[in-house]
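What you see is a predicted model, and the numbers here were worked out from it, not measured in a lab. Reckoned from all heavy atoms, side chains included, excluding hydrogens, waters and symmetry mates.
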Amino acid sequence: MIAFLTGLGLAAAAGFNAWAVLLLFHGLYRLLPQEFPGAFAPLLGSQTVFAFALVLFLLEFVIDKIPMLDRFWDLSQTILRPIVGALLAIAAVPSTSILEQAGVGIAGAITTAAAHVAKSTTRLETTAATHGWTQIALSIAEDIVAVALAALVFFVPWMTALFLAGLIVALATHLDRVRRALAVLFFRIQHPRRRQKPAGA
């Protein structure tokens with residue numbers, strides 16, 4: 001159970017910045033490889049993945065602070081982050097059957113996607129409310145949250161349960177905002193709040 005909570009916690013952190021979490025994972029794996037007995041741990045802890053994560057982290061650090069470009073980037077991360085989250089979850093859990101690994105991977109991907117949706121909703125609404133003036137501050141804050149959360153759940157795995165409970169409550173109580181944010185994120189032609197103009201107007 002501890003390993004599972006650790007994996008889900010790392011997956012949740014990946015929803016904020018998957019590449020920062022992968023960089024942290026590399027360091028943790030090099031120092032404490034016994035803490036990551038899962039099948040994908042050696043791959044995620046390799047120099048190749050480290051270099052890949054470093055390049056993408058630097059790209060995200062720049063692109064995520066540029067209005068409009070950050071939306072394209074966030075859209076691509078909707079697919080990439082859950083994949084990273086699934087691999088992180090599997091890496092933290094001792095190797096078992098393929099079906100169990102698949103179950104852990106699916107749980108990790110869902111957790112990452114939920115955190116990513118919550119982050120994207122907050123980013124889009126805050127950016128709209130402040131006309132983009134908080135873009136840089138929000139981006140840096142998300143990076144800090146990703147690294148801090150990943151470190152916290154590694155050393156205190158049960159904090160994962162508290163974080164996930166809060167995440168579920170936050171998403172469940174703000175479903176309308178989440179739907180609007182997803183509509184904007186996926187480039188809905190007409191903003192959901194914008195009224196349709198009458199014909200001939």
Side-chain angles (χ1 to χ4, degrees), residues 5-25 53-54 56-89 105-154 159-188 191-193:
L5 287 176
T6 300
L8 287 187
L10 293 175
F16 293 90
N17 188 322
W19 317 117
V21 176
L22 273 181
L23 293 176
L24 177 64
F25 177 91
L54 180 60
L56 288 178
F57 172 78
L58 293 175
L59 280 174
E60 179 161 327
F61 189 81
V62 175
I63 294 175
D64 206 39
K65 296 170 180 61
I66 303 174
M68 291 309 296
L69 284 182
D70 70 315
R71 185 184 295 182
F72 286 97
W73 182 265
D74 223 25
L75 187 61
S76 69
Q77 301 307 296
T78 304
I79 298 173
L80 295 178
R81 284 176 180 164
I83 294 175
V84 173
L87 296 178
L88 285 168
I106 291 172
I110 292 173
T111 300
T112 304
H116 172 70
V117 167
K119 180 204 78 74
S120 297
T121 299
T122 303
R123 165 70 74 91
L124 288 169
E125 291 212 336
T126 304
T127 300
T130 61
H131 302 287
W133 288 105
T134 59
Q135 190 88 358
I136 295 177
L138 280 174
S139 178
I140 294 174
E142 290 162 5
D143 296 344
I144 294 173
V145 167
V147 175
L149 179 59
L152 178 63
V153 298
F154 175 76
M159 288 298 296
T160 298
L162 293 180
F163 176 81
L164 293 182
L167 181 62
I168 291 171
V169 171
L171 291 175
T173 55
H174 295 83
L175 285 178
D176 287 340
R177 291 182 177 181
V178 170
R179 282 195 291 264
R180 286 197 299 269
L182 288 177
V184 175
L185 181 61
F186 285 94
F187 303 99
R188 189 170 179 172
H191 192 281
R193 283 186 173 179

[X] [atom1] to [Y] [atom2] distance, which is reported to the nearest 0.5 Å:
X: Asn17; Y: Ser139; atom1: CG; atom2: OG; value: 8.0 Å
X: Thr160; Y: Leu10; atom1: OG1; atom2: CG; value: 7.5 Å
X: Leu167; Y: Leu162; atom1: CG; atom2: CG; value: 12.5 Å

For Ala13, what residues pass the side chain to side chain contact (heavy atoms under 4.5 Å, CB included) criterion, not counting sequence neighbours?
Val21, Leu149, Ala150
Could you list the residues that satisfy side chain to side chain contact (heavy atoms under 4.5 Å, CB included) with Ile144, not counting sequence neighbours?
Ile140
Considering non-hydrogen atoms only, spot the tightest contact between [X] and [Y] and give its length.
X: Val147; Y: Leu24; answer: O-CD2, 3.8 Å
X: Ala89; Y: Gly108; answer: CB-CA, 3.9 Å
X: Leu23; Y: Leu54; answer: CD2-N, 3.8 Å
X: Leu22; Y: Ala53; answer: CB-CB, 3.8 Å
X: Ala86; Y: Gly105; answer: CB-O, 3.2 Å

Can Leu58 and Trp19 be said to form a side-chain contact (heavy atoms from CB on, under 4.5 Å), step by step?
CA-CA 9 Å; Leu58 293 175; Trp19 317 117; over 6 Å; no
Are the side chain of Thr78 and the backbone N or O of Leu75 linked by a donor-acceptor pair below 3.5 Å?
yes
Donor-acceptor pair, side chain of Thr112 and main chain of Ala11, under 3.5 angstrom
yes
More than 12 non-hydrogen atoms from neighbouring residues, nucleotides or ligands closer than 6.0 Å to CZ on Phe57, yes or no?
yes
Are side-chain heavy atoms of [X] and [Y] found at a separation under 4.5 Å?
X: Leu56; Y: Trp73; result: yes
X: Leu88; Y: Phe25; result: yes
X: Lys119; Y: Val145; result: no

Audit row: Thr111, Phe163, side-chain contact (heavy atoms from CB on, under 4.5 Å) steps and yes/no
CA-CA 11 Å; Thr111 300; Phe163 176 81; 6.0 Å; no
Flag the pair Arg81 and Glu60 as a salt bridge only when some basic side-chain nitrogen lies within less than 4.0 angstrom of an acidic carboxylate oxygen.
yes
